[in-house]
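Working notes, beginning with the structure itself.
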Amino acid sequence: MIVDQAMYRHGQRIECGDLSDELATLREGAEGFIWIGLKDPTNEEFALVNQELGLHPLAVEDAVMGNQRAKIEQYEGSLFVVLKTLRYIDETSDIETGEVMLFIGDRFVVTVRRGEGNPLSDVREQLQEQPELLALGPLVVLHAVMDSVVDHYVDVDRELGVDLDEIEAQVVGEDGVGDANAIYRLKREVLEFRRASGPLADSLADYLERGSGVEVHMDLRHLFRDVADHLRHVNDHIESYDRLLTDVLSAHLASVSVQQNSDMRKISAWVAIAAVPTMIAGIYGMNFSGMPELDASVNVGGSEYYYGYFVVIALIAAVCLFLWTRFKRSGWL
């Protein structure tokens, strides 16, 4: 649907009438441009705007299909920009992605937003409070939208940093606890971030280097370079997060392996200790008749006391104590 539609002349907002009539007036030499804002438009709504503005077919195809890679494409007479929006969800610590597409042509700008991330109403309001900036032309809108998207990248970057610190503290802490699923999940979110910010950084650098065939005001060029600098800063963070997550995952797996080895040593030690009384009890439990030690006795005061079984029990206890002491000193228990 069309969220907002207005014409800007000398940086001042003017209500826009019929698109084709207003655009024809502007192209005849009048000052200003038209800005049309769309949110999740249907094919019919987008076709109506396309009919009035005559957008490039390839750009229209990308906009209709959606789910495009971040890019800046120069077509004859127009510029098509795809920006991937990011929104951090506190409840699940996930990153939700969306898209903002911009068509910038001769005296018009069309912004198409898909998803709930990065609303553009605040961007329009802030620009309308700076008429001297709006007077520079449609590329001002491109900078403002791109700057807003990158600012959201910075916010998401900060949240990812907090999540990474928590996971790292769990893995390398004294308890050595950690969840491989949480590490993999955060690594996947970092990858999602890189898919959004990486291509945009490359496209923006290429755009600033080669230009678009349209004269860009020097003030605007400085503003775009500032956005590119923030984007590079964010990408550096994301690359470091990815490397650190790989190291954290390796440390977690190593910790799990060490813990498993320790558990196996303890199990083996207790099995060895239990094997001794089991063996002795098995031998003496076979009811052999020729085991004089079981019939050994001592006469005290005319009474016969049989002590053979007590000797066997003492022998079992002594061997178990010896094995337990040895395993304890070696760190197996």
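As a basis for the values below, the full set of heavy atoms in this structure was taken, side chains included, without hydrogen atoms, waters or symmetry mates. Worth saying up front: this structure is predicted, and the values here are computed from it rather than measured.
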### Task
Could you check if a side-chain atom of Val110 sits within less than 4.5 angstrom of a side-chain atom of Leu102, using non-hydrogen atoms only?
no
### Task
Using modelled atom types only, decide if a donor and an acceptor are shared between the side chain of Arg195 and the backbone of Lys84 within a distance under 3.5 Å.
no
### Task
Fit a plane to each ring of His56 and Tyr75, take the angle between them on a 0 to 90° scale, and name the class: parallel (under 30°), tilted (30 to 60°) or perpendicular (over 60°).
parallel
### Message
Determine whether Asp163 and Tyr241 satisfy the following criterion, side chain to side chain donor-acceptor pair (under 3.5 Å), listing intermediate values before the conclusion.
### Response
CA-CA 10 Å; Asp163 292 343; Tyr241 293 163; over 6 Å; no
### Task
Decide whether Ile14 and Leu53 are clustered together by the hydrophobic rule: side chain heavy atoms of Ile, Leu, Val, Met, Phe, Trp, Tyr closer than 4.5 Å, transitively.
yes
### Query
Say you draw a straight line from CD of Glu73 to CG of Leu58; how long is it, rounded to the nearest 0.5 Å?
9.0 Å
### ILVMFWY network linking Ile34 to Leu48, side-chain heavy atoms under 4.5 angstrom
no
### Task
Find the distance between CG (Leu142) and OG1 (Thr111) and round it off to the nearest 0.5 Å.
11.0 Å
### Query
If we only count heavy atoms from C-beta on, is the Tyr207 to Leu79 side-chain gap below 4.5 Å?
yes
### Message
I'd like to know if Val227 and Val154 are part of one continuous hydrophobic network [Ile/Leu/Val/Met/Phe/Trp/Tyr, side-chain heavy atoms within less than 4.5 Å].
### Response
yes
### Task
Step through it carefully: locate the ring centre of Phe103, locate the ring centre of Phe80, and say whether they are under 6.0 Å apart.
yes
### Query
So, for Arg13 and Gln128, which heavy atoms are closest and what is the spacing to 0.1 Å?
NH1-OE1, 2.9 Å
#### Entry: Thr97 side chain reached by Thr85 side chain, heavy atoms, under 4.5 Å
no
### Shortest non-hydrogen contact from Asn235 toward Gly198
OD1-N, 3.8 Å
#### Entry: Check: Gln74 side chain, Ser78 main-chain N or O, donor-acceptor pair, under 3.5 Å
yes
### Query
Cluster question for you: counting only ILVMFWY and a side-chain heavy-atom cut-off of under 4.5 Å, with indirect links fine, are Leu191 and Leu245 together?
no
### Message
What I want to find out is whether Asp155 reaches Arg87 closely enough, with some N-O distance under 4.0 Å, to be called a salt bridge.
### Response
no
### Task
If the plane angle is over 60° it's perpendicular, under 30° parallel, otherwise tilted; pick one for His143 and Phe224.
perpendicular
### Query
Is the shortest heavy-atom distance from the side chain of Tyr8 to the side chain of Val109 under 4.5 Å?
no
### Test salt bridge (Lys or Arg N to Asp or Glu O under 4.0 Å) applied to Arg194 - qualifying residues, sequence neighbours left out
Asp242
### Task
Indicate yes or no for a side-chain donor-acceptor contact from Glu99 to the backbone of Asn67 under 3.5 Å, with no hydrogens or angles considered.
yes
### Query
Are Asp40 and Arg113 close enough for a salt bridge, meaning some N to O gap below 4.0 Å?
no
### Task
Check whether any side-chain heavy atom of Gln130 lies under 4.5 Å from a side-chain heavy atom of Leu134, and answer yes or no.
no
### Query
Is there side-chain contact between Leu223 and Asp147, with heavy atoms separated by less than 4.5 Å?
no
#### Entry: Donor-acceptor pair, side chain of Ser148 and main chain of Ala144, under 3.5 angstrom
no
#### Entry: Pairwise distance CE(Met146) to OH(Tyr153) - rounded to 0.5 angstrom
9.5 Å
### Rounded distance [0.5 Å steps], CD1 in Ile89 versus CD in Glu159
12.0 Å
## Note on the structure
For Gln12 and Pro131, the nearest pair of non-hydrogen atoms, with its separation, is NE2-CB, 3.5 Å
### Query
Which is it for Thr246 and Lys187 under the side chain to side chain donor-acceptor pair (under 3.5 Å) test, yes or no, and what are the steps along the way?
CA-CA 8 Å; Thr246 300; Lys187 195 171 180 64; 2.8 Å; yes
### Message
Any side-chain to backbone donor/acceptor pair from Asn50 onto Leu55? Under 3.5 Å, distance only.
### Response
yes
### Task
Quick one: pull up CG in Leu200 and CZ in Arg69 and give me the separation to the nearest 0.5 Å.
10.0 Å
### Leu127 side chain near Val140 side chain, heavy-atom distance below 4.5 Å
yes
### Query
Can you find a heavy atom in the side chain of Asp94 that is under 4.5 Å from one in the side chain of Arg185?
yes
### Task
Could you tell me which non-hydrogen atom of Ser203 sits nearest to which non-hydrogen atom of Ala70, and how far apart they are?
OG-O, 3.8 Å
### Task
Specify the closest pair of heavy atoms between Asp157 and Phe193, including all atoms of both residues, with the distance to one decimal.
N-CE1, 3.7 Å
### Task
State which residues pass salt bridge (Lys or Arg N to Asp or Glu O under 4.0 Å) with Glu129; sequence neighbours excluded, sorted by chain then number.
none
### Message
Quick check for you: to the nearest 0.5 Å, what is the distance between Arg232 atom CZ and Ser197 atom OG?
### Response
13.0 Å
### Query
Is there a side chain to side chain contact (heavy atoms under 4.5 Å, CB included) between Val234 and His237 once you walk through the steps?
CA-CA 5 Å; Val234 168; His237 280 183; 5.6 Å; no
### Task
Tell me, yes or no, whether the heavy-atom count around His10 atom NE2, taken from other residues, nucleotides or ligands under 6.0 Å, exceeds 12.
yes
### Message
By the definition side chain to side chain contact (heavy atoms under 4.5 Å, CB included), identify the one residue from Leu164, Val190, Leu249 that meets it with Leu244.
### Response
Leu164
### Pairing residues for Asp202 by the side chain to side chain donor-acceptor pair (under 3.5 Å) criterion, not counting sequence neighbours
none
### Query
Donor-acceptor pair, Glu189 side chain versus Leu160 backbone, under 3.5 Å?
no
